[in-house]
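Every chain is numbered from 1, with letters handed out A, B, ... down the list of sequences.
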Amino acid sequence: MKVRARDAKELWQEEFEKAPVRDDGIETSTISGIPLKPLYTGDDLPRREEELPGQFPYTRGIHPSGYRGRLWTMRQFSGFATAEETNRRYKYLLANGQTGLSVAFDMPTLMGQDSDAPTSRGEVGHCGVAIDSLADMETLFEGIPLGDITTSMTINSPAAILLCMYIAVAEKQGVPASKLGGTLQNDILKEFIAQKEFIFPPAPSMRLVVDSIEYCAAEVPKWNTISISGYHIREAGSTAVQELAFTLADGMAYVDACLERGMHIDDFASRLSFFFDAHIDFFEEIAKFRAARRIWARWMRERYGAQQERSWKLRFHTQTAGVSLTAQQPELNIARTAIEAMAAVLGGTQSLHTNAMDEVLALPTDKAARIALRTQQLLAYETGAANTIDPLGGSYFVEALTDEMERQAEAYFKRIDEIGGVIPAIEAGFFQKEIADAAFRYQNEVEQKRRIMVGVNEFTVDEEEPLEILRMDPGLESQQAERVREVRRRRDQAQATNALNRLRKAAAGNDNLMPYILDAVRAYATEGEIMQAMIEVFGTYTETAVV
Amino acid sequence: MAGFTGAPGTGKSTLVDAVIALLRKQGSSVAVLATDPNSPFTGGAIMGDRIRMQRHALDGKVYIRSMGARGHLGGLSLATREAIRLLGGFGFDQVILETVGVGQSELEVAAVADTTVVVLTPNLGDSVQMIKAGILEIADVFVVNKADIDGYARVVAELRTMMNMAPKREWRPPIIPTIASRGEGVDKLWDAVLGHRKHLATSGKAQELVERRLRDETAEVAAELARERARRALEDDPALAERLLNDGTPYRTAEEILDRKG
Amino acid sequence: MPKTATKPVRIVVAKVGLDGHDRGVKVVARALRDAGYEVIYTGLRQTPEMVVDAALQEDAQVIGLSIHSGAHMTLFPAVVDELKRRKATDIVVFGGGIIPDDDIAALRKKGVAAIFTPGTPLQEIVDWLRKRFPES
């Protein structure tokens, strides 16, 4: 006798309630706290018109051909101490199949300081490459044809300076700016919210971002001017929903700022890109990526009135979650990274960085870096994940979760609006508090074993085997300090000084600063000098800490 | 001694930071007491007021001390009063007290400060309904910070209306607009504080305040001592505790404890 | 029962150097507050001099530093040295962040009392402080 669907479901419900349930105390909600049902069925499938890849609102992907058309870019973030060593590592990775470059800078460079500045002491070259002037940039890309590759540069407050250096190096290679492709992170709002690498106050910081977007729209049209980032927000402790909502809200704030400058939406929107985290709660991440595309497309078309399709399409880079890695039994990180990378691929990312297993402890060794890259290649070629577009489309669970994340993100947009927008919300400490609360909540859940970190609060070993990690040569700092002093000695002083003076004057006015920064860069003014010229006009920013 | 109080989000710390800068320019040494509430349950506290005054770090003539408002929900503690006394004794030219305006802290600041500065901002959600009862009576100077924001004129107008309706005081608190993040209006703010001080001196109020404060503080100290004594008595004397349980009310027991010697 | 009579242990908690990753330090600050300590959070981009000066002004018994940038071998010893210079070597220094095991041994030798690496339960830090300061 055939059992009716309704009866079958009721039957399942009865059986489920009768069956024993695990009582290990572990949370069955997502990391964002979204409660999960034990089973999703056809009744949970949202009622809507069928969505298709390459069609508004792009939930199932922005390209009709998905990865059948082109695989995601395998873009491993790297940088070490000196430009020479980094240049070597780039050539190694390109030879091993990496398809795009990604530059990690050291702390002094990220903070706009030269390697010989007193506050750079002990910090040079530890978490990336030290770039003090155009000379270092030339070394970094020596022998790498900028016209043939794309490069992503992860830098924020001084982003405009580094972009100008890249353009100047390309000039010397004979490559016109109009041919250059790549991405600049350049997302200052998330610095105020999460990563805290801000220098200038919010208003002049936004001005510089808009200057770079405006300049590139005209002069470097293939360049992704900004990588609006959720990664750092997530790593600071936010939930997936918060990552989604705060990132898209930041995106809208940038759009508003560009429109206020007088730009037309379709002139810049297609070059805005995004950067998300791929965390370990597998399905929530996939739903997050799908929801992001849908939300952005709707806002761009319906609220901002963008006419061109390419303005509606959200493109993003993903990095697997640094905070999910453990120092204990670090080989497990290979497995974690693979799962997180799979989520990014099933979520349709355009490019991907996979973490190396030893990154909790230090910059990656060659071997660990290679394993990380191979993990992507394994996903692309062995698992079949790239053979079907949006394979989880239509899954009762994933579709329901996508909708739920969209709903919760919209609720956040309302709250941010009520405060008056992203910048007032930053000044009121709204994002920072949400993030700090979520981080604390998660930590408590881990301490109470309601969430497990294998090797850390469960399945530990008594004796950890020491892992071979990469050590920086301590002599490199003084070498780099001497190098920048040498650059200052050998350049045309008058040219550098004049360029800095003109920049300072322009900063006090309303001109787009990019051409002035480019001149200063060409004159071998150092990064620190260029930043200082702008600090003299813009001042610096101290945050009101929200603990 | 000037006390600054205001709700979170009014930019009070930024304002105090700007005042310190002004005073330093004038060559004065400054001590700042910043109070934050202790958790009534754990006794712990997180105090982050120093951050807003970063630029004065390592200035030998600026002393910043964070204090928990121990035992007082959102208010001041006896330790704070003692600290104020000490700081004056150490020879700081100016002493500033900063509290976050929660609970009854505004009233407590007023009990301790010579001049109470209440900081408001235009966009506190609703209008001056946000201003709590009692503020009009205790404020010696009103500051409307973030004066460049929409709604500034309305806050000032409403403040003036409320002041007109309230009972007249000898001193009419001026309303000073500031943009603390730019350091604007801070000089006028300090002039207002000095103006109030002069008023206290010439009107004889200053001496009155000193006496009143000392008396208040004595009562506070006595209360604290009595509280301790009561707790100890109930712990050490089981017969007393039993009588209390039989009574079911505290009054007789309390009187008995106070009557005891030691 | 409100704790008014006992004097809480005061801890200055800070990030020294250029790195801005404050998730860990904020979570630890909350845990310490919940354990009854008075935590003075001095924020980001502190120099060793600023941290020690704050600890002296605040009469703190402990300094806690968080460093994720790899500059720990320079910055921790600099704080210890500054405490020596200011004649305040009774102040206990501990910390956390991205610090490899061999470096921990070296830092302990230089006068850092304890280093808590990623994955350490908050309770462990609290327990260590309680042992160090039994009356709190």
Side-chain angles (χ1 to χ4, degrees), chain A residues 106-108 110-111 113 118-127 191 194-198 232 235-238 322-323 325-328 358-363 432 435-437 439-440 442-444 446-447 453 455-457 460 464 466-467 469-472 474 477 542-547, chain C residues 13-34 39-50 66-79 96-105 115-126:
Chain A
D106 71 354
M107 278 312 307
L110 294 172
M111 300 299 283
Q113 293 174 2
T119 38
S120 299
R121 194 172 55 117
E123 308 252 20
V124 177
H126 281 296
C127 61
E191 298 303 329
Q195 188 166 239
K196 316 292 174 87
E197 285 171 14
F198 47 76
H232 317 77
E235 297 284 298
S238 85
V323 288
L325 305 182
T326 58
Q328 298 79 354
D358 51 2
E359 284 194 72
V360 187
L361 303 168
L363 291 183
Q432 299 90 314
I435 293 169
D437 286 350
F440 194 59
Y442 180 77
Q443 188 63 30
N444 281 327
V446 168
E447 308 241 335
M453 289 185 83
V456 174
N457 66 352
T460 53
E464 292 275 346
L467 197 64
I469 55 170
L470 195 65
R471 290 290 191 169
M472 289 295 121
E477 173 164 326
T542 307
E543 63 161 2
T544 311
V546 176
V547 182
Chain C
V13 149
K15 286 198 63 70
V16 209
L18 299 175
D19 125 66
H21 295 94
D22 56 7
R23 173 180 184 167
V25 72
K26 287 183 177 184
V27 165
V28 168
R30 283 203 194 192
L32 296 179
R33 174 204 50 202
D34 289 351
V39 181
I40 295 118
Y41 179 55
T42 56
L44 306 170
R45 308 187 203 172
Q46 301 296 290
T47 64
E49 295 77 23
M50 286 162 78
S66 163
I67 301 179
H68 290 75
S69 60
H72 49 274
M73 291 309 293
T74 309
L75 296 172
F76 271 102
V79 170
I98 305 287
I99 299 169
D101 284 337
D102 338 352
D103 289 355
I104 293 180
I115 297 276
F116 300 103
T117 44
T120 307
L122 297 170
Q123 193 54 44
E124 204 177 297
I125 303 175
V126 172

Item to check | Which residues share a side chain to side chain contact (heavy atoms under 4.5 Å, CB included) with C:Thr74, sequence neighbours left out | outcome: A:Arg121
Next on the checklist: Which atoms of A:Gln195 are under 4.5 Å from chain C, going by heavy atoms: the side chain, the backbone, both sets, or neither?
Outcome noted: both
Next on the checklist: For chain A, which candidate among C:Asp102, C:Thr47, C:Asp22 shows the most heavy-atom pairs at distances under 4.5 Å?
Outcome noted: C:Asp22
Next on the checklist: Quick check on A:Glu191 against chain C: is it the side chain, the backbone, both or neither that has a heavy atom closer than 4.5 Å?
Outcome noted: neither
Checklist outcome for this item: Honestly, the part of C:Leu75 sitting under 4.5 Å from a heavy atom of chain A is side chain
Item to check | Option that, when pairs with chain C are counted at under 4.5 Å, heavy atom only, ranks first among A:Ser120, A:Ala194, A:Ala436, A:Gly455 | outcome: A:Ala436
Checklist entry - Between C:Leu122 and A:Gln443, what is the shortest heavy-atom contact and its length? => result CD1-CG, 3.4 Å
Item to check | Side chain, backbone, both or neither of A:Met111 within contact of chain C (heavy atoms, under 4.5 Å) | outcome: side chain
Next on the checklist: On a heavy-atom basis, which atom in A:Gly122 and which in C:Ala71 lie closest, and how many Å separate them?
Outcome noted: O-CB, 3.0 Å
Item to check | Worked check of side-chain contact (heavy atoms from CB on, under 4.5 Å) between C:Ser69 and A:His126 | outcome: CA-CA 7 Å; C:Ser69 60; A:His126 281 296; 5.7 Å; no
Next on the checklist: So for C:Thr117, is it side chain, backbone, both, or neither that comes closer than 4.5 Å to the heavy atoms of chain A?
Outcome noted: neither
Checklist entry - Within the distance-only criterion (no hydrogens, no angle test), does the side chain of A:Gln328 pair as donor or acceptor with the backbone N or O of C:Gly119 below 3.5 angstrom? => result no
Next on the checklist: Need one label for A:Val124: side chain, backbone, both or neither, based on atoms under 4.5 Å from any heavy atom in chain C.
Outcome noted: neither
Checklist entry - Given a strict heavy-atom distance threshold of 4.5 Å, which part of A:Glu464 is in contact with chain C: side chain, backbone, both, or neither? => result neither
Checklist entry - Which atoms of C:Asp101 come close to chain A, meaning under 4.5 Å heavy atom to heavy atom: side chain ones, backbone ones, both, or neither? => result neither
Checklist entry - Taking all non-hydrogen atoms of both residues, which atom of A:Phe440 and which atom of C:Val27 are closest, and how far apart? => result CE1-O, 3.7 Å
Item to check | Salt bridge flag under 4.0 Å for residues C:Arg30 and A:Asp437 | outcome: yes
Item to check | Donor-acceptor under 3.5 Å (C:Arg23 side chain, A:Ala439 main chain) | outcome: no
Next on the checklist: Does anything in residues 39-46 of chain C reach chain A? List residues with heavy atoms under 4.5 Å apart, or say none.
Outcome noted: C:Tyr41, C:Leu44, C:Arg45
Checklist entry - Has the side chain of A:Glu123 got a donor or acceptor atom that lies under 3.5 Å from a matching backbone atom of C:Leu18? => result yes
